[in-house]
Amino acid sequence: MSNKSQQADRKAAQAAADEAVAQESLREIYREIMSRAPEHDIDPTLDRVRRVLELLGDPQRAYRVVHLTGTNGKTSTARMIESLIREHGLRTGLFTSPHLTSVTERIQVDGAPISAARFVEVWEDVAPYIGVADRESEEEGGPRLSFFEVLTVMALAAFADAPVDVAVVEVGMGGEWDSTNVVDGDVAVVTPVGMDHQRWLGDTLEAIAVNKSGIIKDGATAVLAAQEDVVTEVMRARAAAVGAHLLREGFELEVAGRQVAVGGQIADLRTPAGLYTGIFLPLLGEHQAHNALLALAAVEALLSGGGALDAGVVEAGFGSVTSPGRLELVRTSPTVLVDAAHNPPGAEALVATLDEAFEFTRLVGVVGIMADKDAEGLLATLEPVLAEIVLTRNSSDRSADPRELKELADDIFGEDRVHVVESVAEALQVASDLAERDDAVGVGVGTGVLVTGSVVTVADARILLGRP
């Protein structure tokens, strides 16, 4: 063996050892962060995050920001915005939630999750200041920073340290008091708003919209998806109150045309700057074309003051977009699709896309739903496209009991179409067997399994099926 080969082997061995150490440190840090109040345990204040950022020198002011809220479509739209900005040669940060496989996915720089080693470094940089804010809060009778607040601080600090030119930041929940609202977005994007998280955001569409409108800041541009009238009026009033420029789908913005294509779709997108035609988007579903419209308008507002962008750059930016866990093919024979739909509007988009892009003769669902979601509405929306349904429990402690879901599902599907198992692994096997039960040829043509109901259910399935 040559000296060069030996040196390469030693470097590879050292890199593997370093990665193992970093992964173990990451697991220890994740356990510490997970010991804090979970994402759904909300204490509506920005004070703790603001205090840590103040101690860090306000890193969130070191770059421009596109801030996103809404009920459905936030992550896909955020990923499109990030890709378009990066295609213009700028350094980008992306903060989204939740994650599918590793917590590092939530904090991305230049289109890639930060490494385990980098995650550890960021934690070590911010932990002393988080400790100060924790102690101050506890001395006043308040809680420590929550899981999501810690990750928000880490993301904003990591972006400043990179440094990035633009950060694309997705809210965790709501807007007004979401911990990400310490940023002042140059552009605020509001994807479709519906009834979700009523326990925290309010039990009317107007109340939910008011909370989400809080990300629209003084002098910003607000890009608004097509909405119910009450939501549009709330956003219009907020924009007027803070002097923001409003761009609305159905008024200033339009999906002028679209057609299904191999591996995605072709869309024509109209903004005040002009008509972009023949844009290939490697994602399925009409809803993704509408997400792309919002992304395009947001990037126009950010980079050119609302002027047209170079068509070639736009095509390249959209052409490289991915959205894991959103109608994603993760296995063949039988076909296994995963989709993170977790409420009725998300399920409606999923069903429409299945009808448009696939020709299943027999599709079996694996469904695990969080206990605080509209399970009845979600199941009723899925019923027409599923031959049978396998109800299960995902790895979250918030997962609904599948035996309780069965009572709803029996009324919607009929008892003979409903099955209950305790784990996603078992559910995948049962669903695969059911999908192929009547496949006499044995090639799986027209048969498939759909995993949906929650991001966590999708994440569990992806891990089981070996997806990174």
Side-chain angles (χ1 to χ4, degrees), residues 39-40 70-74 98 173-174 191-209 227-228 230-231 285 287 325-327 337-355 360 362-424 426-428 430-431 434 449-461:
E39 289 175 276
H40 60 279
T71 302
N72 291 298
K74 296 187 296 295
M173 184 190 300
T191 66
V193 174
M195 297 297 291
D196 204 359
H197 301 301
Q198 292 96 310
R199 175 181 168 189
W200 300 279
L201 303 181
D203 56 7
T204 67
L205 202 53
E206 182 178 16
I208 292 170
Q227 308 281 359
E228 296 288 342
V230 64
V231 176
H287 60 293
R326 278 72 182 175
L327 208 60
L337 297 169
V338 298
D339 188 88
H342 57 276
N343 52 35
E348 288 168 7
L350 167 59
V351 168
T353 305
L354 288 169
D355 289 341
F360 287 112
R362 181 173 175 78
L363 185 64
V364 177
V366 170
V367 179
I369 305 172
M370 294 303 192
D372 62 337
K373 298 300 181 181
D374 180 5
E376 184 175 6
L378 194 150
L379 292 171
T381 304
L382 293 174
E383 187 276 333
V385 297
L386 298 180
E388 301 186 59
I389 185 170
V390 183
L391 300 170
T392 191
R393 188 191 307 271
N394 63 42
S395 59
S396 170
D397 58 6
R398 295 169 51 218
S399 184
D401 186 332
R403 292 164 297 187
E404 295 179 4
L405 291 177
K406 186 178 188 304
E407 297 179 14
L408 294 173
D410 283 349
D411 290 339
I412 295 168
F413 286 81
E415 290 185 33
D416 58 329
R417 295 168 61 196
V418 180
H419 310 267
V420 174
V421 299
E422 278 296 314
S423 71
V424 173
E426 185 181 358
L428 284 169
V430 170
L434 289 170
V449 173
L450 171 67
V451 182
T452 191
S454 166
V455 175
V456 178
T457 307
V458 165
D460 291 347

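In what follows, residues are counted from 1 in the order of the sequence shown.
- Partners of Glu388 under the salt bridge (Lys or Arg N to Asp or Glu O under 4.0 Å) rule, at least two apart in sequence or in another chain, are Arg362, Arg437.
- Residues Asp203 and Met195 share a closest heavy-atom pair of O-CE, 3.4 Å.
- Between the side chain of Gln227 and the backbone N or O of Val193, at least one donor-acceptor pair lies under 3.5 Å.
- Side-chain atoms of Leu391 and Leu379, non-hydrogen and from C-beta on, do get closer than 4.5 Å to each other.
- Shown here are the side chain to side chain contact (heavy atoms under 4.5 Å, CB included) partners of Ala461, two or more places apart in sequence or in another chain: Val338, Val424, Leu428, Val451.
- When side chains are defined from C-beta on, Lys373 does not count as touching Leu378, because their heavy atoms never get closer than 4.5 Å.
- Heavy-atom minimum distance, Val367 versus Gly453: CG1-CA, 4.4 Å.
- Closest heavy-atom contact between Val458 and Thr452: CG2-CA, 4.5 Å.
- Two residues are said to be in side-chain contact when any heavy atoms from C-beta on lie closer than 4.5 Å; Leu354 and Asp339 fail this criterion.
- Lys406 pairs by the salt bridge (Lys or Arg N to Asp or Glu O under 4.0 Å) definition with Asp410, not counting sequence neighbours.
- The two atoms that bring Asp374 and Pro344 nearest to each other are OD2-CG, 3.4 Å, heavy atoms only.
- In this structure Ser395 satisfies the side-chain hydrogen bond (donor to acceptor under 3.5 Å, both in side chains) test together with Asp460, sequence neighbours excluded.
- Residues that satisfy the side chain to side chain contact (heavy atoms under 4.5 Å, CB included) test with Glu383, not counting sequence neighbours, are Ile412, Phe413, Arg417.
- For the side chain to side chain contact (heavy atoms under 4.5 Å, CB included) test, residues two or more places apart in sequence or in another chain that qualify with Val351 are Asp355, Thr381, Leu382, Val385.
- The CD1 atom of Ile208 sits 11.0 Å away from the CE atom of Met173 when rounded to the nearest 0.5 Å.
- Asn343 pairs by the side-chain hydrogen bond (donor to acceptor under 3.5 Å, both in side chains) definition with Asn72, Asp196, not counting sequence neighbours.
- Ser399 meets the side chain to side chain contact (heavy atoms under 4.5 Å, CB included) test with Arg393, Asn394; sequence neighbours excluded.
- When every heavy atom of Ala341 is checked against every heavy atom of Ala347, the shortest pair comes out as CB-N, 3.7 Å.
- Not counting sequence neighbours, Thr392 has no partner by the side-chain hydrogen bond (donor to acceptor under 3.5 Å, both in side chains) test.
- Within a 6.0 Å radius of CD in Glu206, other residues, nucleotides and ligands contribute 12 heavy atoms or fewer.
- One distance of note links NE2 of His342 with OG1 of Thr457; it measures 11.5 Å at 0.5 Å rounding.
- Between Thr204 and Val230 there is no side-chain heavy-atom pair separated by less than 4.5 Å.
- Residues forming a ring pair (Phe, Tyr, Trp, His ring centres under 6.0 Å) with Phe360 (at least two apart in sequence, or on another chain): Phe358.
- To the nearest 0.5 Å, the span separating CE on Met370 from CG on Asp397 amounts to 8.0 Å.
- Of all heavy-atom pairs between Gly70 and Thr191, the closest is CA-OG1, 3.2 Å.
- With a 4.5 Å cut-off on side-chain heavy atoms, Val231 and Leu205 count as touching.
- Residues meeting the side-chain hydrogen bond (donor to acceptor under 3.5 Å, both in side chains) test with Asp401, sequence neighbours left out: Arg403.
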